[in-house]
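A short worksheet on the structure shown next.
Keep in mind it's a predicted model, so treat the numbers as computed, not measured.
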Amino acid sequence: RQLSLSIYQSINSYSLLPLALFILMGEAMFRSAIGPQMIDTIDKLLGRLPGRLGLVAVAGGTLIATLTGSAAASTAILGSSLTPEMERRGYKKSMSLGPILGAGGLAAMIPPSAHAVILATISDISLGKLLVAIVVPGLTMAAVFITYIVLRCWLQPSLAPSYEVAAVPWRKKMTLVAKYVLPVGLIIFLVTGVIILGIATPSEAAATGTVGVYILIACYRRLSWTVVKRSITDAMRTSGFVLFILAGAVAYSQILAYTQASKHLIELVMGMQMSPILAIVGMHVVALILGGPLSATAVMMVTLPIFMPIVRSLGFDPVWFGVGFLINMEVSGITPPFGLPLFTMKGVAPPDTTMGDIFRAAIPFACLDVVVIGLLLAFPPLALWLPNVMR
């Protein structure tokens, strides 16, 4: 009886409202297909930099992440929009596929993030702080990707041959920014800015962000009954699926608590003669291994009820650990041979693209994500500075 009541209370929670709304935001943006317009604007803003289209992929992925919250959806939009053009310009597979796969992973690290909602719910941590905490690490990931692309294309020009770029008048550039980029900034403010300023709770911010997305779609004249119907239907289906998984996570946590397995695991870890940070690294390694055959949500369900009590007992901030865990899940998503973004890329890439090409292109960006996790472990303020300035 107690188990059934706990499961009911876990999914009948006001704190889960942002999950459904974030998913709805992503579905609406995906169905309205306004992502390519933003990508085209970014393309016009960049000059003749090494790996120019790779940089477009990262910048576009950062913007699209604020609207979809889904790595697979972001990969599909970027892959279908940019890969054919990259191939036509003579880009090698490693530089046409890799940046798109890396940028797709930013979806979990730029609010709104459905994975952040799931992690906060399972771990019993503040969703508002987590949504704010992922912003700086997410932008750091984008900066690391950009640096890698520029340096590698400068050292190996054959990966991304340069080509003539038509000059775009400055006034036209500003018009395109005002039309396709600044509105995205407004959506970011409606989701994250209002939380940082203390104006709204995460649930209220999710509601204002959703309304803002539909207004944006209407302004672009893409709002139709088909878009509304499909976005709501798909969001309900996905939300129901995630809620079932969360119910299973609660049942799993209850079993661990009743059998005192969590208590014994904490005592075991605390009794081991190892550095606390080494224990954190070990948790990340376990999550990374499990993230191969399992989805990110499944890994969270299995590991977080065990990991979070240990993290707290070791004296670490659970928000800081949660941010690193989200990056870890994105690493596992693009680590061969499993990962939904890898197979999504196969579906939208040119016909001559093999899974081997995709795997080889993904590995460097998975390694860069691991570098960011290392930076986060070494410099916790990277994740905790922004939440600490919240009102």
- Task: Applying side-chain contact (heavy atoms from CB on, under 4.5 Å), run through S94 and R360 and close with a yes or a no.
- Result: CA-CA 7 Å; S94 60; R360 286 187 291 272; over 6 Å; no
- Message: Are F325 and H115 an aromatic pair, judged by ring center distance below 6.0 Å?
- Response: no
Identify the heavy atoms of [X] and [Y] that sit nearest to each other, and give their distance.
X: P183; Y: L216; value: CB-CD1, 3.3 Å
X: L190; Y: V194; value: O-CG2, 3.1 Å
X: M300; Y: P305; value: O-CD, 3.5 Å
X: I187; Y: G209; value: CD1-O, 4.4 Å
X: I199; Y: E204; value: O-OE1, 4.3 Å
X: G54; Y: Y91; value: N-CE2, 4.2 Å

Do [X] and [Y] make a side-chain contact, defined as non-hydrogen atoms from C-beta onward lying under 4.5 Å apart?
X: L159; Y: Q156; result: yes
X: I310; Y: M283; result: yes
X: L119; Y: L127; result: no
X: M109; Y: P137; result: yes
X: P380; Y: W385; result: no
X: L106; Y: E330; result: no
X: H284; Y: F307; result: no
X: F145; Y: D369; result: yes

Would you say the side-chain atoms of [X] pair up with the backbone N or O of [Y], donor to acceptor, closer than 3.5 Å?
X: T83; Y: A349; result: no
X: N388; Y: L384; result: yes
X: S123; Y: A120; result: no
X: D357; Y: T354; result: yes
X: T233; Y: R230; result: no
X: W320; Y: A133; result: no

Same apolar cluster: [X] and [Y], side chain cutoff 4.5 Å:
X: V136; Y: V371; value: no
X: L139; Y: I373; value: yes
X: L326; Y: L288; value: yes
X: I149; Y: L151; value: no
X: V323; Y: F379; value: yes

- Message: Counting only heavy atoms from other residues, nucleotides and ligands, does the tally under 6.0 Å from NZ of K92 exceed 12?
- Response: no
- Item | Derivation and outcome, side-chain contact (heavy atoms from CB on, under 4.5 Å), residues I327 and M141 | CA-CA 9 Å; I327 301 176; M141 289 170 63; 4.1 Å; yes
- Query: After noting the C-alpha distance and the side-chain angles of V370 and F365, does the key distance pass the side-chain contact (heavy atoms from CB on, under 4.5 Å) rule?
  - Reply: CA-CA 9 Å; V370 173; F365 288 86; over 6 Å; no
- Residue list, side-chain contact (heavy atoms from CB on, under 4.5 Å) with L182, at least two apart or on another chain: V177, A178
- Message: Under 4.0 Å between a side-chain nitrogen and a carboxylate oxygen: does that hold for D352 and K93?
- Response: yes
